[in-house]
Amino acid sequence: MTRRLLIILLLVHAAAVNAEWQPDPSIKKQVASAEAIAQVKERIPRSQSFFEDAYGMAVYPSVTRLGFGFGGAAGKGYVIEGDTIIATSRYWQFTGGIQAGVRNFSMVILFKNQAALEDFKEGRIEFVAQSGLAAGTKGVAGTPAYTQDVVIFTVTRLGLMGEFTYSGARFTYRPLQGTDEEGG
């Protein structure tokens with residue numbers, strides 16, 4: 001619990017300095033999203049410059065993957081533009097290829113500009129190939145540079161999985177309505 005409080009305090013301080021999004025501490029999913037962002041920044045130091053340049057992001061604090069030859073993944077998160085949550089999002093993935101195991105990870109998708117975020121909103125962003133290795137809480141993955149003005153970082157929370165797969169992914173985008181703070 002102390003580590004969680006430290007992460008929240010660090011995020012609040014960083015957000016105040018950079019005018020970034022700040023989670024509502026009373027909403028667990030927002031706190032989990034802030035922790036996912038902090039984990040990516042901590043475990044993938046090269047991600048920092050991408051966060052600084054990003055116009056917006058989609059944050060999925062918990063995505064679960066299961067695969068043995070064929071597999072899939074699912075997770076829920078927020079879409080953030082500047083310092084405001086503008087929508088909720090769901091992520092589904094179907095995979096085929098060389099893979100075995102189960103993995104839970106956090107995923108952050110950064111949008112370099114407004115056009116990339118608009119493409120995401122309209123469902124025009126897709127990702128088709130991936131490889132990785134995860135054991136326990138070790139394992140990270142990410143695209144090394146912006147591709148179609150989008151970059152993805154993931155950090156393993158728990159699991160054991162090896163993969164070299166071809167996949168199809170689908171994202172949904174649901175704008176927040178009025179007082180819909182959690183976004184369901």
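Note: hydrogens, waters and symmetry copies are ignored here, and every other heavy atom, side chains too, is used. Position 1 is the first residue of the sequence; numbering continues from there.
Partners of F70 according to the side-chain contact (heavy atoms from CB on, under 4.5 Å) rule, which considers only residues two or more places apart in sequence or in another chain, are F94. Partners of A116 under the side-chain contact (heavy atoms from CB on, under 4.5 Å) rule, at least two apart in sequence or in another chain, are F111, N113, D149, V150. Qualifying side chain to side chain donor-acceptor pair (under 3.5 Å) partners for N104, counting only residues two or more places apart in sequence or in other chains: S62, T64, R157. Residues forming a side chain to side chain donor-acceptor pair (under 3.5 Å) with T84 (at least two apart in sequence, or on another chain): none. Contacts of Q114 classified as side chain to side chain donor-acceptor pair (under 3.5 Å), with partners at least two apart in sequence or in another chain: none.
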Verdict with supporting geometry, I80 and V59, side chain to side chain contact (heavy atoms under 4.5 Å, CB included): CA-CA 8 Å; I80 301 167; V59 181; 4.2 Å; yes
Residues V155, Q39; criterion side chain to side chain contact (heavy atoms under 4.5 Å, CB included); working and verdict: CA-CA 7 Å; V155 293; Q39 283 293 309; 4.0 Å; yes
Residues I37, W21; criterion side chain to side chain contact (heavy atoms under 4.5 Å, CB included); working and verdict: CA-CA 11 Å; I37 292 167; W21 171 70; 4.0 Å; yes
Chi angles and distances behind the side-chain hydrogen bond (donor to acceptor under 3.5 Å, both in side chains) call for Q93, R170: CA-CA 6 Å; Q93 180 185 46; R170 179 169 183 237; over 6 Å; no
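Taking CG of D53 as the reference point, atom CD of Q48 lies at 10.0 Å (rounded to 0.5 Å). The line from CZ of R46 to NZ of K41 is 15.0 Å long, rounded to the nearest 0.5 Å. Atom OG of S33 sits about 10.5 Å away from atom CD1 of I27, to the nearest 0.5 Å. Going from atom CD of Q30 over to atom CG of D24 covers 5.0 Å, rounded to the nearest 0.5 Å. Atom CZ of R103 is separated from atom CG of L66 by 13.0 Å, given to the nearest 0.5 angstrom. Here CD1 of I109 is found 11.5 Å from CE of M57. Values are rounded to the nearest 0.5 Å.
Taking the six-membered ring for Trp, Y78 and Y60 have ring centres at least 6.0 Å apart.
The shortest non-hydrogen separation linking T95 to G72 is OG1-N, 3.9 Å. Across all their heavy atoms, P25 and P23 have their closest contact at CD-O, 3.3 Å. When every heavy atom of P61 is checked against every heavy atom of S106, the shortest pair comes out as O-OG, 2.7 Å.
The side-chain heavy atoms of Y55 and E81, taken from C-beta on, include a pair separated by under 4.5 Å. Residues L176 and I86 form no side-chain contact, since every pair of their non-hydrogen atoms from C-beta on lies 4.5 Å or further apart.
Between the Q99 side chain and the G69 main chain, a donor and an acceptor come within less than 3.5 Å of each other. In this structure, the side chain of R90 does not engage the main chain of Y173 through any donor-acceptor pair within 3.5 Å. No donor-acceptor distance shorter than 3.5 angstrom exists from the side chain of T154 to the backbone of M107, with no hydrogens or angles considered.
Think of W92 as one node in a network of Ile, Leu, Val, Met, Phe, Trp and Tyr side chains linked at under 4.5 Å; it has no links at all.
Residues V102 and F105 fall into different hydrophobic clusters, defined by Ile, Leu, Val, Met, Phe, Trp and Tyr side chains chained together at heavy-atom separations under 4.5 Å.
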